[in-house]
Structures are given as structure tokens and as C-alpha cells.
J.: 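The structure is given below, and queries will be raised subsequently.
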2 protein chains.
Amino acid sequence: MSPPDPQTRPVPRKAPRQARSLATVAAIVEAAARILEEAGHAGFSTNAVAERAGVSIGSLYQYFPSKDALIGALVRRETSLLLIDAEAAAALSCGRDALRTFIAACIAHQFRRPKLARLLDFEEARLPFDPETQRVGARIRASIAAMIGRPDLPPQPDPDTATRDLVAVIKGMVDAAGQHGETDPAALMPRVERATFGYLRP
Amino acid sequence: MSPPDPQTRPVPRKAPRQARSLATVAAIVEAAARILEEAGHAGFSTNAVAERAGVSIGSLYQYFPSKDALIGALVRRETSLLLIDAEAAAALSCGRDALRTFIAACIAHQFRRPKLARLLDFEEARLPFDPETQRVGARIRASIAAMIGRPDLPPQPDPDTATRDLVAVIKGMVDAAGQHGETDPAALMPRVERATFGYLRP
DNA sequence: CGCTATTATGAGCCATCGCTCGCAAACGGC
DNA sequence: GCCGTTTGCGAGCGATGGCTCATAATAGCG
């Protein structure tokens, strides 16, 4: 029956207190990112992550109760970066400008580490309900909902669905571009804008 | 060093000759599909597939030289279904009708087995270059390129890029809808159309 | 029936992987 | 320097999983 239910365990086994351990935690998460983008799921083992981070496997499990918890932390580290940009964009009063700013941020985020971004999108969907991670996603969607609700954009009959659709369109296009090897944000930007604002049209 | 390079091996170890073995192969592929959609990658082991198919593990490896080869066969089985619809749609002389027909087919294909479709999209991107599988994808893209080239639709400066973008938009929206639990094609259809034709606008 | 090619079997090898646990080292306040 | 706390260590356990191979069952055919 496998190790008894890794999901149920209280989240971090030990919270880092000294500067030392904070560095360890950061090194582990970054090693996880690097292994994931270099070898994909195939090479992604906790032993490999620990070795790559230059720490022992025991240290890894002192801060992450399970492999999935580590992936969750990585997902959160990356999506939080996007959340910051999303909330900044949502603060703009012009909906069109806000969406454009957000799209540009998505493209920049994706082109920074394309393979990692794509793999984490998948993991985010796969992961057992991690409330912390879900809250980040919810806040990003809330920001988008605020953008498309601005008076300069056509009103949407079902804002929640429209928000989910826009996430799907933008994520889909940007992931595909990254996977195809595109590196020029300026070339991708107008295409995503066309799909986005084309969708929003009355 | 793991078993010596599973990718390099000549594709099927044995080709099925009698009706019996064709049924065995079909049972294995279908079992793979069911396990994937019920348990995701977590429960997807070749031993589990063989058991579910009601055949021995040895039989599985008589027809599929590796786990990835089995996944490849499953990917091909599913995308081939979509290819048929795509080529039928591309035969229509009106580009707008053709695209609409194709979108409807994508939605139907996705709603039939949502989780499976999503997982296989991911596998298709992950798999080492399997020429057979890639040819199917290329033919689907060729069909789409033909559709958007029809005179009733706005001419696209870069048809290849436009084709890839449309695939990304449609796949992204349809996957997301399936994952969110949507089951009504009629509700999804107009939204995908808006994004698609919005993208194509001059 | 006899004979060969085809198909099916499943015990088990070997590598890997997630994870534990007992212990040692480093830190920081006194 | 002393000592409790925090941090780090890594051999190794138990389980799983991809895959092999020697062998048995079955099909087709004269």
C-alpha cells in the first residue's frame, strides 16, 4: 500500500529558522527546476534533486514532506512571479492596456524558462488539491476578471467562463510558441492579442 | 545505465499475423487508455496494463518494444480519429464552414474521453521523435492550413504560424473546458469560434 | 495426427526511487 | 568554551517497475 498517504502529512516537516537553512531550501527548489527543465519527468527523482542541490537526501526531506510537496513549492515559486505582474497590470484603469501588459508578462515569463513553464503548467493541473497553490491561481484569475470587467472592453455575459477561456488561450499559445522554439516576444505578442481581443468582441 | 537504449530498437518485436494477436494488441492499447484516464501516469505501469488487458506481461512486450512505444501507439490511435475528421472538414470549399466543422470535431473528440485526450496531448509533446506519430500531426496541420487558405477567409501573412497558433488556441480552450468538467459542446463551440475567427481577422 | 510457425505465459532479474532514521556537525546565546 | 537547538548527513529499507527469457499452449495446414 505504499508509504502511508503522503498527502495527509502536516506540510513542512521543519520550518527553516536560520539563514543557512533558507539557503538550503532555495537551493533544493532551484535544483528541482533545473532538473525538470533539463531532463523532464524522466530524470526528476528526489535523490537527483538533492545531489544537484549539493545537499543530502535527508536534508531535502527535512523541508519537503514528499516529492509532490517539492513540486508544489516550485509551482508556487513560479506562479507567484506571474501573480505579481498580473496584479500590477490589473491596477491599470484601461482594460485594454491591462490585458496587453498581462499578456506581455505571460510571454516574458514563458520565454524565460520555456520548458519549465510548460512542465509546471501540467503539474499544477495534476497536483492533489494544494490550497496554497490554488489560492495563487485564483488570485491570477481574479486579476484577469477585473481587467475584462473594465468599461472600455465589451461586457462579457459570463465573466468567469471568459476568464478561464482567456487563460486557456494565452497559456495555450504561449506554451506552444515556447515549445516550438520561438524567442521573440514582439513576434508573438500581436498574435496573442488578436486571439484575446477577438474572443472578447461582442 | 538502464536497459540499453529502448528508442533504438526496431519498432514492433513481432507483427501480429493471426486474428488472435490483433485482438491482443487492441486489448492492450485499450487497457492502456483506460488505465491512463483512470489513474493518470501514477498508475500507468506496463504490468498494470497487461493485467487490465487480460494478457501476460510477456505478450505486451511481444508487440511493443517499450513502454513509450505503447504510448506512441495509443497516441496514434487517438489522433488518427481526429485526422479523419480534419481531412473531411478540409474538403469543404468554404473555409469558414470547414473550420467550424473541424472545431466541432475537436470538441467532440475531447468530450468523448477528456482526461485521456489531455494526457495524450502531453505525451505527444514529450515523446521522442516517433516519425509515424509526427506524420499524423503534420497531416492535421496541413488540413488546417488548407482551411485557412480558402478565399472566403482573410489571407494570413504567415500560414504556418497561423496554423500552429490555431492548434494552440483550439487545443488550449478545449482541454481546459474538458478539465473543468464541461460537457456541453454547444456552450463551448461559440467561444472557440470567437477566439479562432478573432485571431484570423485582418 | 503430426509438424512448424505463431502466440501466450509469468516467475523473476536488476535497477531505481521515495523515503526513514540514527547520528554528527554547525550555530548561537551565554 | 559550554550546551541546547537547529541543521545536515547518507546508508540503506521496502517497494515498484521495466523488461527478459525459457517454456507452454494454440493455430493453421497437409
Side-chain angles (χ1 to χ4, degrees), chain A residues 1-28 31-32 35-36 39-73 123 127-128, chain B residues 1-28 31-32 35-36 39-73 123 127-128:
Chain A
M1 269 308 124
S2 73
D5 200 1
Q7 299 333 333
T8 326
R9 197 161 21 201
V11 189
R13 178 162 313 187
K14 244 174 195 169
R17 314 242 144 153
Q18 306 179 357
R20 216 168 29 132
S21 55
L22 283 174
T24 298
V25 169
I28 292 171
I35 290 199
L36 213 44
H41 289 104
F44 186 76
S45 72
T46 51
N47 286 305
V49 169
E51 188 183 6
R52 180 71 179 263
V55 306
S56 79
I57 181 65
S59 292
L60 188 154
Y61 278 94
Q62 250 172 15
Y63 300 107
F64 302 97
S66 70
K67 189 185 186 185
D68 276 355
L70 170 58
I71 296 177
E123 288 305 312
L127 275 183
Chain B
M1 273 305 129
S2 69
D5 199 1
Q7 298 333 332
T8 325
R9 196 162 19 200
V11 188
R13 177 164 311 188
K14 246 175 196 170
R17 313 242 143 154
Q18 306 179 356
R20 228 177 6 145
S21 56
L22 283 174
T24 299
V25 169
I28 292 171
I35 290 199
L36 252 191
H41 289 106
F44 187 76
S45 73
T46 52
N47 287 302
V49 170
E51 188 182 7
R52 181 70 180 262
V55 305
S56 78
I57 180 65
S59 293
L60 189 154
Y61 278 94
Q62 250 172 15
Y63 300 106
F64 302 98
S66 70
K67 189 184 185 186
D68 276 355
L70 170 58
I71 297 177
E123 288 306 309
L127 275 183

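Chain letters run A, B, ... following the sequence lines, proteins first, then strands; residues in each count from 1.
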J.: Looking only at the side chain of A:R20 (C-beta and beyond, no hydrogens), which of the listed nucleotides C:dT7, D:dG17, C:dC27 gets closest?
T.: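 Shortest atom-to-atom distance from the side chain points to C:dC27.
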J.: Is the shortest side-chain N/O distance from A:S56 to OP1 or OP2 of D:dG10 below 4.0 Å?
T.: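 Answer no for this pair, as no side-chain N or O of A:S56 is under 4.0 Å from OP1 or OP2.
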J.: Using only side-chain N and O atoms of B:S66, determine if any of them is under 4.0 Å from OP1 or OP2 of D:dG18.
T.: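 No, outside the criterion.
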J.: If we check side-chain contact (heavy atoms from CB on, under 4.5 Å) with A:Y63, which of these qualifies: A:V55, A:V25, A:L70?
T.: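 Going through the options one by one, the only one that passes is A:V25.
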J.: Does OP1 or OP2 of D:dG18 have a side-chain N or O of B:T46 closer than 4.0 Å?
T.: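 B:T46 to D:dG18 OP1/OP2: side-chain N or O found under 4.0 Å.
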J.: Closer to the 5' end of DNA chain D via nearest nucleotide, is it A:V55 or A:N47?
T.: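 Here A:V55 is the residue nearer the 5' end.
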J.: Report the distance from atom CG of A:L60 to atom C1' of C:dC17, rounded to the nearest whole Å.
T.: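 It works out to 13 Å between those atoms.
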J.: Apply side-chain contact (heavy atoms from CB on, under 4.5 Å) to residues B:R52 and B:I28 and explain how you reach the verdict.
T.: CA-CA 8 Å; B:R52 181 70 180 262; B:I28 292 171; over 6 Å; no
J.: Report the nucleotide, chosen from C:dC17, D:dG17, D:dG8, that has the shortest atom-to-atom distance to any side-chain atom of A:T24.
T.: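 The nucleotide sitting nearest to the side chain is D:dG8.
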J.: If you check the A:S59 side chain, which of D:dC9, D:dC19, C:dG18 turns out closest?
T.: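 Nearest nucleotide to the side chain: D:dC9.
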J.: Kindly say if B:Y63 contacts the phosphate of C:dA8, meaning a side-chain N or O under 4.0 Å from OP1 or OP2.
T.: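 For C:dA8, OP1 or OP2 has a side-chain N or O of B:Y63 closer than 4.0 Å.
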J.: Looking only at heavy atoms, what is the nearest atom pair of B:T46 and B:L60, with distance?
T.: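 Reported closest heavy-atom pair: O-CD1, 3.7 Å.
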J.: Expressed as a whole number of angstroms, how long is the span from B:K67:NZ to D:dC19:P?
T.: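 After rounding, the gap between these two atoms is 8 Å.
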J.: Given D:dT7, is OP1 or OP2 found less than 4.0 Å from the side-chain N or O atoms of A:S21?
T.: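 Affirmative; the distance criterion is met.
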J.: For B:L22 and B:I57, take the nucleotide of DNA chain C holding the closest heavy atom to each; which residue's nucleotide lies nearer the 5' end?
T.: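 Looking at DNA chain C, the more 5' nearest nucleotide goes with B:L22.
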J.: Output the rounded distance in Å from CG (B:L70) to C1' (D:dG17).
T.: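 Value for this atom pair: 14 Å.
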J.: Listed by chain and number, what are the side chain to side chain donor-acceptor pair (under 3.5 Å) partners of B:S21, not counting sequence neighbours?
T.: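 Partners of B:S21 under the side chain to side chain donor-acceptor pair (under 3.5 Å) test: none.
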J.: Quick one: A:E51 CD to D:dA11 P, roughly how many Å, whole number?
T.: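 It works out to 12 Å between those atoms.
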J.: Write down the distance between CD (B:Q62) and C1' (C:dA5), rounded to a whole number of angstrom.
T.: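 About 12 Å, once rounded to whole Å.
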J.: Is it the case that over 12 heavy atoms from other parts of the model lie below 6.0 angstrom from the CD atom of B:E51?
T.: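 No, not enclosed.
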J.: Between C1' on C:dG12 and OH on B:Y61, what's the gap in Å once rounded to a whole number?
T.: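 To the nearest whole Å, that distance equals 14 Å.
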J.: Provide, to the nearest angstrom, the distance between the CD1 atom belonging to A:I28 and the P atom belonging to D:dT7.
T.: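 Result: 12 Å.
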